[in-house]
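Indexing begins at 1, ligand by ligand and atom by atom, following the structure's order.
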Amino acid sequence: MYGQERARALELRERYPHAGEVLGLYLALVGVWESACGCARLKQAAAEVLPRVVAATVAHGPPALAKAVGGAVGGAGSGAGGGDGAALLAAWVADEELTPVERYLARATMRVVPFEGRPEGAPGRCPACGGPPQLSYRVASEDPLVSGRRVLACAKCPHEWSFSATTCPNCGESGRRTVHAEGAGGAPGDRAAPSVGRREAEAEALFPQLRAETCESCHRYLIDVDLGREPRAVPRVDELAAVPIDLHMAEQGHTKITPNLMGF
Ligand SMILES: [Zn+2]
Ligand SMILES: [Zn+2]
């Protein structure tokens with residue numbers, strides 16, 4: 001079930017040393033998800049999957065996250081006799097305010113639980129659960145000069161849906177989108193310019209399949225994965241490797257519509 005994701009994460013870990021820790025953790029989580037398949041209930045996931053997500057994160061996560069996860073569980077989990085895990089997952093499902101670490105734990109655990117949300121019917125929100133889009137991708141097009149159909153992938157459930165290529169999924173504004181590759185978009189002479197200038201030539205080669213799509217109205221962006229340029233890409237895995245693009249977008253004052261599993 002997670003074979004493609006595992007293979008792609010292994011491949012990208014070789015190719016993108018900057019994403020080595022994040023993808024190493026992702027691979028550890030894939031191991032947890034694989035052995036948890038069939039875990040259909042939230043309470044069961046809280047009892048059986050959440051502790052293994054914690055263990056995998058402490059063992060394989062970036063040091064700061066590993067430490068924070070240990071702290072979060074020590075604080076929340078031990079107090080009320082183990083009921084807190086289910087409460088955490090329920091809070092995430094209900095879109096309640098969570099700390100970044102809690103959000104990470106809930107999201108990594110809920111990956112194995114079929115999501116039942118309330119569709120909001122808003123444009124740009126998931127038609128299955130009402131969640132925000134994590135990323136967009138383009139399917140390969142017959143015509144090499146034309147980008148393929150645009151698909152959005154939900155941040156809260158596995159659902160994916162077709163969406164207008166010219167509309168912002170966050171605010172619904174049409175025709176005010178800007179596309180950034182890594183390093184692009186900085187005017188010569190601005191603060192980001194030195195690193196931008198140095199990296200511009202290799203930016204295309206580093207992330208041929210990735211770019212950020214920004215809305216000029218609401219200044220939110222998404223990572224877009226172009227399967228036409230890299231058919232082997234697995235959008236949810238490739239998006240995790242886009243950290244340099246995310247940092248660049250933050251420097252430019254743009255915010256991702258919603259952070260990914262790893263908090264970027
Ligand atoms: Zn959804
Ligand atoms: Zn917008």
His248 ring center near Phe207 ring center (under 6.0 Å):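 That pair fails the under 6.0 Å test.
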
Residues, nucleotides or ligands: over 12 heavy atoms within 6.0 Å of Gln4 CD: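 No.
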
Given the Zn ion (ligand 1) as the apex, I'd like the angle to SG of Cys154 and SG of Cys157, rounded to 10 degrees.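 It comes to 120°.
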
Could you please compute the angle at the Zn ion (ligand 1) from SG of Cys126 to SG of Cys129, rounded to 10°?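 About 110° at the Zn ion (ligand 1).
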
Please determine if the Zn ion (ligand 1) has an N/O/S atom from His159 lying under 2.8 Å away.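 His159 does not place any N, O or S atom closer than 2.8 Å to the Zn ion (ligand 1).
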
Keeping the roles fixed (side chain from Thr167, backbone from Phe163), state whether a donor-acceptor pair exists under 3.5 Å.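 Side chain of Thr167 to backbone of Phe163, a donor-acceptor pair under 3.5 Å: no, none is there.
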
Between the side chain of Lys256 and the main-chain N/O of Phe264, is any donor-acceptor distance below 3.5 Å?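 Looks like yes, one N/O pair under 3.5 Å.
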
Taking both backbone and side chain into account, is any N, O or S atom of Cys168 nearer than 2.8 Å to the Zn ion (ligand 2)?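 So Cys168 does bind the Zn ion (ligand 2) by this criterion.
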
